[in-house]
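Beneath this line is the structure, given in structure tokens, with notes to follow.
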2 protein chains.
Amino acid sequence: MGETGSLRTTLHRHGMRVTPQRRLVLDAVRELGHATPDQVHRRVRSTARTVNITTIYRALDALEDIGLVRHTHLGHGAPTYSADEHEHVHLVCHRCGEIDEVPCDLLDDLAELLRRRSGFELDATHLALSGTCRGCRGTDDADHLERAVEETR
Amino acid sequence: MGETGSLRTTLHRHGMRVTPQRRLVLDAVRELGHATPDQVHRRVRSTARTVNITTIYRALDALEDIGLVRHTHLGHGAPTYSADEHEHVHLVCHRCGEIDEVPCDLLDDLAELLRRRSGFELDATHLALSGTCRGCRGTDDADHLERAVEETR
DNA sequence: GTAGATGCAAAATCTTTGCATATTG
DNA sequence: CAATATGCAAAGATTTTGCATCTAC
């Protein structure tokens, strides 16, 4: 009842209604960790066949408005949604596409720096950092090196 | 001839050809700082009316392949491309959409941390950090506070 | 009962692809 | 001349909108 209570009260506080579709969407997001609207749709459909993709988009928007889910852009494609409580920073390898997750508090120092320097309040729970993962580093370094050397002369 | 030389040699090294369209696209990206394919298209069109949006996409891909431009996802919409030399971190306000830019080296410590911890080589030049800008912090904080208080009881 | 949500179909975006033609090296 | 790039039209993919119907409260 805890989870449900949270959804119900949070929706009500914003003058929104509790519907089975919204419950299912929130459940799907929580179960999937992070997922695109399409993935959420598929998940929801496995329980309720008739739910339309339009409803998924609208439910995700609604849940995001009230702060129960967030979205992040992990790569080229569609945004991925995740539950509010599912907090971590994504490390996206631009080479192989692999996504690693690390705790948000690794960014505490940076957050403090940005706050002081620019008055910017970093939201580390939204974050995707791109770079090269351990596995790809060997090859990638070689590539860059070759290019850099040729470039210099 | 420096700029042009770089484009020419870099393209050639990858077995690609120098075309007016590619030059214009690269120029546009450099002039615009960061821009969506559509914005690049408009810019290029102001000089060469007939250049097709398809060509913009292909040119951006080509230039990205050879490392002269990169793209970042700043928000919901289209990716924005920027020139390789145009390095900075974007601070994207999820409230008002404003984009601030700060030097990459603010992330040096974090990069070192991630390298040691996860073997991940952070590419700070690709980066968009989301959060709340100074201007929006007042309102946003109030919002969160209200919500947090109600949530707790 | 009424405001708000859903489903469906259609439109709007954004991006990619196929192919004939044109251009670069 | 041969390999590549471009333009155009059409197809794909993703997301949004309009509207009639339905549902939560």
Side-chain angles (χ1 to χ4, degrees), chain A residues 4-5 7-29 34-45 47-66 68-69 71-81, chain B residues 4-5 7-29 34-45 47-66 68-69 71-81:
Chain A
T4 301
L7 174 60
R8 161 164 282 134
T9 45
T10 312
L11 281 169
H12 284 178
R13 182 158 57 246
H14 291 258
M16 296 174 171
R17 290 174 183 176
V18 183
T19 65
Q21 289 89 338
R22 286 175 174 172
R23 273 184 215 282
L24 288 169
V25 167
L26 181 56
D27 288 347
V29 169
H34 31 76
T36 63
D38 189 60
Q39 293 170 320
V40 172
H41 187 208
R42 275 198 269 272
R43 180 75 165 212
V44 168
R45 276 190 125 163
T47 305
R49 309 277 169 63
T50 65
V51 177
N52 195 277
I53 182 75
T54 303
T55 302
I56 305 293
Y57 279 103
R58 291 194 276 225
L60 287 171
D61 272 1
L63 294 171
E64 188 159 38
D65 279 348
I66 65 179
L68 291 181
V69 309
H71 78 269
T72 314
H73 294 272
L74 294 182
H76 239 143
T80 65
Y81 288 78
Chain B
T4 301
L7 174 60
R8 161 162 282 134
T9 45
T10 311
L11 281 169
H12 285 179
R13 182 157 58 246
H14 292 257
M16 296 175 170
R17 291 175 181 173
V18 183
T19 65
Q21 289 89 337
R22 285 174 174 171
R23 274 183 214 282
L24 288 168
V25 167
L26 182 56
D27 289 346
V29 169
H34 33 77
T36 63
D38 189 60
Q39 293 170 321
V40 172
H41 187 208
R42 275 197 269 271
R43 179 75 166 213
V44 168
R45 277 189 125 163
T47 305
R49 309 279 168 61
T50 66
V51 178
N52 195 278
I53 181 75
T54 304
T55 302
I56 305 294
Y57 278 104
R58 291 195 277 224
L60 287 170
D61 273 1
L63 294 172
E64 188 159 38
D65 279 349
I66 65 179
L68 290 181
V69 308
H71 78 268
T72 313
H73 295 271
L74 294 181
H76 240 144
T80 65
Y81 287 78

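Note: hydrogens, waters and symmetry copies are ignored here, and every other heavy atom, side chains too, is used. These numbers were taken from a predicted model, which means no experiment stands behind them.
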inquiry  = Suppose we call a contact any N or O donor and acceptor under 3.5 Å apart; does that hold for the side chain of A:R58 and the base of C:dG4?
reply    = no

task = Just compare C:dT24, D:dG18, D:dG7 and give me whichever is closest to any side-chain atom of B:T19.
result = C:dT24

remark   = The answer to which of B:R17 and B:T54 contacts DNA chain C further toward the 5' end, by nearest nucleotide, is B:T54

message = Give me the atom names and distance for the closest heavy-atom approach of B:H12 to B:V18.
response = NE2-CG2, 3.8 Å

ask   = When you measure from the side chain of B:Y57, which nucleotide among D:dT14, D:dA5, C:dC14 comes out closest?
value = C:dC14

message = Please report the distance, rounded to the nearest Å, between CZ in A:R42 and P in D:dA13.
response = 12 Å

task = Check the distance between D:dT14's P and A:H73's NE2 and give it to me in whole angstrom.
result = 14 Å

A:Q21 side chain near C:dG7 phosphate (N/O to OP1/OP2, under 4.0 Å) = yes

remark   = Note: for A:G15 and B:P37 on DNA chain C, the residue whose nearest nucleotide lies more 5' is A:G15

request  = Rounded off to whole Å, could you give me the NE2-to-P distance for the A:H12 and C:dA3 pair?
outcome  = 17 Å

task = Measure up the A:H71 and A:Y81 rings against each other and bin them: parallel (under 30°), tilted (30 to 60°), perpendicular (over 60°).
result = tilted

query = Just checking, is any N or O donor in the side chain of B:N52 or B:T54 under 3.5 Å from an acceptor N or O on the other one?
reply = yes

request  = Using whole Å, report how far CD of B:Q39 lies from C1' of C:dT15.
outcome  = 16 Å

Whole angstrom value for the distance that separates C1' of C:dT6 from CE of A:M16 = 15 Å

ask   = Taking CZ from B:R22 and C1' from D:dT4, how many angstroms apart are they, rounded to a whole number?
value = 8 Å

ask   = Atom CG of A:N52 and atom P of D:dT17: how far apart are they, to the nearest Å?
value = 15 Å

query = Between C:dC8 atom P and A:I56 atom CD1, what is the distance in whole Å?
reply = 13 Å

request  = Measure from the side chain of B:V18, starting at C-beta and using heavy atoms only, and say which of C:dA5, D:dG7, C:dG25 lies closest.
outcome  = C:dG25

query = Hey, is A:R23 close enough to A:D27 for a salt bridge, meaning N to O under 4.0 Å?
reply = no

message = side chain to side chain contact (heavy atoms under 4.5 Å, CB included) for B:L26 and B:L7? Distances and angles first, verdict last.
response = CA-CA 9 Å; B:L26 182 56; B:L7 174 60; 3.9 Å; yes

